[in-house]
Every structure is written in structure tokens, then in C-alpha cells.
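Quick notes on the structure that follows.
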Amino acid sequence: MGTAIAGSTFQNLLYEKKAAVAYITLNRPKVLNALNQAVFAELKAAFENAGNDSEVRGVILTGSGDKAFAAGADIAEMSSYTASQAEEATRHAQAVTEVLENLGKPVIAAVNGFALGGGCELAMACTIRIAAETAKFGQPEVKLGIMPGAGGTQRLPRLVGKGRALQLILSGEIISAQEAYRIGLVNEVVPSASLIARAEAILNQINSNAPLSVKFSIDAVNKGLDGSVSEGLLIEASLFGICAGSEDKKEGTLAFLEKRAPQFHGR
Ligand code: CAA
């Protein structure tokens with residue numbers, strides 16, 4: 001039996017909810033949490049569940065075992081794909097990354113080991129990446145005669161710049177957590193034993209703020225990066241207006257003026 005949430009049972013993931021946090025754990029440790037089609041389908045269901053669950057304010061995504069976050073797409077499954085099957089699979093994987101990128105709630109990748117190929121791409125779609133000291137990152141697809149297919153060619157240059165992204169994608173080099181931190185691929189590097197606690201602390205800090213402000217800030221950054229600065233500024237102004245019309249804005253500004261902690265309700 002797998003892990004159950006209302007209406008679905010997962011064979012390849014663990015799904016757990018504690019207080020306001022959903023923990024989604026990739027759970028195929030024997031193959032270093034390689035991402036097959038079943039994993040992507042379950043990830044979509046799990047993230048949609050977390051997105052629709054009003055008790056959940058944020059998600060922590062990690063891998064089971066101490067070796068891997070995810071060592072990429074499942075090479076055994078992929079080896080027999082035709083070109084059209086590969087394109088379909090990659091579109092599905094990309095769609096899953098868009099679900100978690102645009103969840104409207106922060107998603108923290110707690111990268112506990114190898115994050116290669118699709119594993120690195122999954123982490124890059126998360127709102128924030130925290131790496132254990134032992135984590136390793138890379139886009140080694142070129143060594144297999146393929147190329148990144150779950151967003152790597154788009155999100156990596158946005159995170160680390162075009163030159164560094166192309167170097168990683170073209171060389172297939174695997175880099176350490178410290179190097180990933182140096183180039184801006186991860187936000188922080190922490191000892192393995194503190195990885196989940198640090199992710200929880202970041203979520204707690206975010207969750208003390210107004211939920212609509214958090215949601216619309218993520219939206220403005222994501223949508224803004226898709227277009228020009230002028231288009232992004234229009235999106236920012238419109239979402240700023242929606243935030244400013246919320247009850248939480250009245251509460252947040254009043255609480256500041258009354259020198260007390262605000263009580264936010266996400267309205
Ligand atoms: N797919 C399927 N199985 C995988 C896998 C993957 N991506 N990565 C590891 N495994 C399996 C291995 O085959 C092995 O299985 P067996 O025990 O049955 O032999 C098991 O996991 C343990 O792996 P290793 O023995 O290789 O462990 P290692 O410590 O010696 O090496 C590693 C670790 C360097 C991560 C190595 O496993 C590796 O290079 N894995 C593949 C990484 C990769 O190329 N990822 C990109 C995939 S393509 C992609 O992701 C496309 C995309 O953009 C979506």
C-alpha cells in the first residue's frame with residue numbers, strides 16, 4: 001500500500017501533512033528517486049491536493065533515502081521512447097513543473113542528495129531551494145544523447161545566467177552544493193541533519209505574513225519573468241491593487257500603526 005490522501009493513493013511518493021505544511025517525498029530510493037511517468041502523475045495529484053487544501057500554507061519537496069533528491073528522469077523507462085512519446089512525456093513533465101511553480105503557496109525544495117536532470121529541473125521549479133552539504137546538481141542529459149526536457153533550458157539561465165547555464169547544460173558537469181550556492185542555483189546550504197528544520201523555519205517565517213501578499217508576490221515574479229519589464233510592471237500594479245483591497249491589508253497596516261502583531265486571514 002502507498003500513502004493516501006483524499007481520493008488517491010501514492011505508490012511512488014509519501015504525502016504527509018503537519019500543521020500548515022505538506023511534505024511531499026519522492027520515494028523510489030532503490031533507483032535514486034528516478035522520475036518515471038507514474039511519479040510525475042502522482043506529483044501532479046499531490047501538488048494539486050496541497051494547492052486546494054486551505055489548511056496547507058506551504059510545501060516541502062524532498063527525496064527519500066540519504067543519497068538522492070532525484071537522479072533525473074527514469075532512464076530505463078525513457079530508453080524505449082519514440083520521438084513522439086518522448087515529446088509527450090516531456091510536455092507532461094513540464095506541465096507538472098508549472099503546477100508546483102504556480103501553486104500560489106511557497107514550495108521549498110529540500111535537496112538531500114543528487115538533483116540531476118529532471119531532479120534539478122524539479123528543484124528549479126520550486127519557490128526556494130535549500131541544499132544539504134552533500135547535495136549535487138547537474139544537467140547531464142547530453143551524456144545520454146538527449147537534452148534537458150523538464151524546463152532546464154528555460155529555468156536554469158533565469159536562475160544562474162545564460163553563460164553558466166549553458167556551461168552546465170553543455171558539459172553535463174555535476175557540481176557540489178557549495179558551487180550551486182555560489183552561482184545562485186540554491187538559496188542556502190545547510191548540514192544534512194538540519195535540512196528539513198531549515199525548510200520548515202523558512203516556511204514558518206513566510207507563513208507569518210499575509211497569504212494573499214505571498215500568493216500574489218509569487219504570481220508577479222513568475223508572470224513578470226515571462227515577458228518584458230513593462231508587462232511585468234503592469235502585472236505587479238494590478239496584483240498590488242488586489243492586495244491593497246484585501247481585509248489583510250487593513251489589518252496589516254492598522255496593526256503596524258497600533259504597534260501590535262497582525263492577525264491575517266487570507267482575505
Ligand atoms: N534512471 C533510472 N535508474 C537510475 C537513475 C535514473 N535516472 N539514476 C540511478 N538509477 C539507478 C541505477 O541504475 C542503479 O540501479 P541498480 O542498483 O539496479 O543498478 C541505482 O539507481 C543506483 O545508482 P548507481 O549504482 O548508478 O549509483 P552511483 O552512486 O554509482 O551513481 C549517479 C549515482 C551518479 C547519480 C548515477 O546513478 C547516475 O549517473 N544516474 C543518472 C543521472 C542522469 O543521467 N540523470 C539524467 C536523466 S535524463 C533526464 O532527467 C531528462 C529530463 O530532462 C527530464
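Atoms within a ligand are numbered from 1 in the order they appear, just like the ligands themselves. Only heavy atoms go into these numbers, but all of them, side chains included; no hydrogens, no water, no symmetry mates. Computed from a predicted model, the values in this text were never measured in an experiment. Count residues from 1 along the sequence.
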Checklist outcome for this item: Among non-hydrogen protein atoms, atom 41 (C) of ligand 1 lies closest to Ile75 CD1, 3.7 Å

Next on the checklist: Protein heavy atoms near atom 31 (O) of ligand 1, is at least one of them under 4.0 angstrom away?
Outcome noted: no

Checklist entry - If you count the atoms of ligand 1 from 1 in the order shown, which ones are under 4.0 Å from a heavy atom of Leu116? => result 35 (C), 42 (C)

Checklist outcome for this item: A student checking ligand 1 against Glu141 at a 4.0 Å heavy-atom cut-off should list atoms 48 (S), 49 (C), 50 (O), 51 (C), 52 (C), 53 (O)

Next on the checklist: Checking the side chain of Asn33 only, and the main-chain atoms of Ala68 only, is there a donor and an acceptor separated by less than 3.5 Å?
Outcome noted: yes

Item to check | atom 18 (O) of ligand 1 protein-contacted (non-hydrogen atom, under 4.0 angstrom) | outcome: no

Item to check | Closest approach of Leu43 to Leu13 (non-hydrogen atoms, all atoms of both residues) | outcome: N-CD1, 3.7 Å

Next on the checklist: Hydrogens and angles aside, do Arg91 and Gln94 bring a side-chain donor and acceptor to less than 3.5 Å of each other?
Outcome noted: yes

Item to check | Ser194 (side chain) donor-acceptor with Ala197 (main chain) under 3.5 angstrom | outcome: no

Checklist entry - What about Met78: any of its N or O atoms under 3.5 Å from an N or O on ligand 1? => result no

Checklist entry - What atoms of ligand 1 come within less than 4.0 Å of a heavy atom belonging to Lys67? => result 27 (O), 28 (P), 29 (O)

Next on the checklist: Any nitrogen or oxygen of Gly118, side chain or backbone, less than 3.5 Å from one on ligand 1?
Outcome noted: yes

Checklist entry - Any non-hydrogen protein atom below 4.0 Å of atom 26 (O) of ligand 1? => result no

Next on the checklist: Whether the Glu42 and Asn12 side chains hold a donor-acceptor pair (N or O, under 3.5 Å, no angle test) is what I'd like checked.
Outcome noted: yes

Item to check | Protein non-hydrogen atom found under 4.0 Å from atom 39 (O) of ligand 1 | outcome: no

Next on the checklist: Can you check atom 13 (O) of ligand 1: any protein non-hydrogen atom closer than 4.0 Å?
Outcome noted: no

Checklist outcome for this item: Logged contact type for Thr90 with ligand 1, heavy-atom cut-off 4.0 Å, is neither

Checklist entry - Is atom 44 (O) of ligand 1 less than 4.0 angstrom from some protein heavy atom? => result yes

Checklist entry - Can you list the ligand 1 atoms lying under 4.0 Å from a non-hydrogen atom of Leu144? => result 44 (O), 47 (C), 48 (S)

Checklist entry - Is any N or O atom of Gly149, backbone or side chain, closer than 3.5 Å to an N or O atom of ligand 1? => result yes

Checklist outcome for this item: Nearest heavy-atom approach of Pro211 to Arg57 is CG-NH2, 3.5 Å

Checklist entry - Which atoms of ligand 1 are found less than 4.0 Å from any heavy atom of Glu121? => result 52 (C), 53 (O), 54 (C)

Next on the checklist: Within the 4.0 Å heavy-atom shell around Pro148, which atoms of ligand 1 are there?
Outcome noted: 53 (O)

Checklist outcome for this item: Which of Thr97, Asn222, Asp219 passes side chain to side chain donor-acceptor pair (under 3.5 Å) with Asn102? It is Asn222

Next on the checklist: Tell me the protein heavy atom at minimum distance from atom 42 (C) of ligand 1, and give that distance in Å.
Outcome noted: Ala71 O, 3.3 Å

Checklist entry - Do Arg182 and Glu179 sit within salt-bridge range, that is, some charged N less than 4.0 Å from a carboxylate O? => result yes

Checklist entry - Looking at ligand 1, does any of its N/O atoms fall within less than 3.5 Å of an N/O of Gly117? => result no

Checklist outcome for this item: for atom 15 (O) of ligand 1, nearest protein heavy atom and its distance come out as Lys30 O, 4.2 Å

Checklist entry - Does Ala93 reach ligand 1, in the sense of a heavy atom lying below 4.0 Å from it? => result no

Checklist outcome for this item: shortest atom 4 (C) of ligand 1-to-protein heavy-atom contact is with Val31 O, 3.8 Å

Checklist entry - Is there any N or O on Ile174 that sits under 3.5 Å from an N or O of ligand 1? => result no

Item to check | Partners meeting side chain to side chain donor-acceptor pair (under 3.5 Å) with Gln263 (sequence neighbours left out) | outcome: none

Checklist entry - Can you name the closest pair of heavy atoms from Ser64 and Asn27 and give their distance? => result OG-OD1, 2.9 Å

Item to check | Sub-4.0 Å protein heavy atom near atom 50 (O) of ligand 1 | outcome: yes

Next on the checklist: Any protein heavy atom at under 4.0 Å, with atom 2 (C) of ligand 1 as the reference point?
Outcome noted: yes

Checklist outcome for this item: In this structure, atom 24 (P) of ligand 1 is nearest to the protein heavy atom Leu32 CD1, 4.5 Å

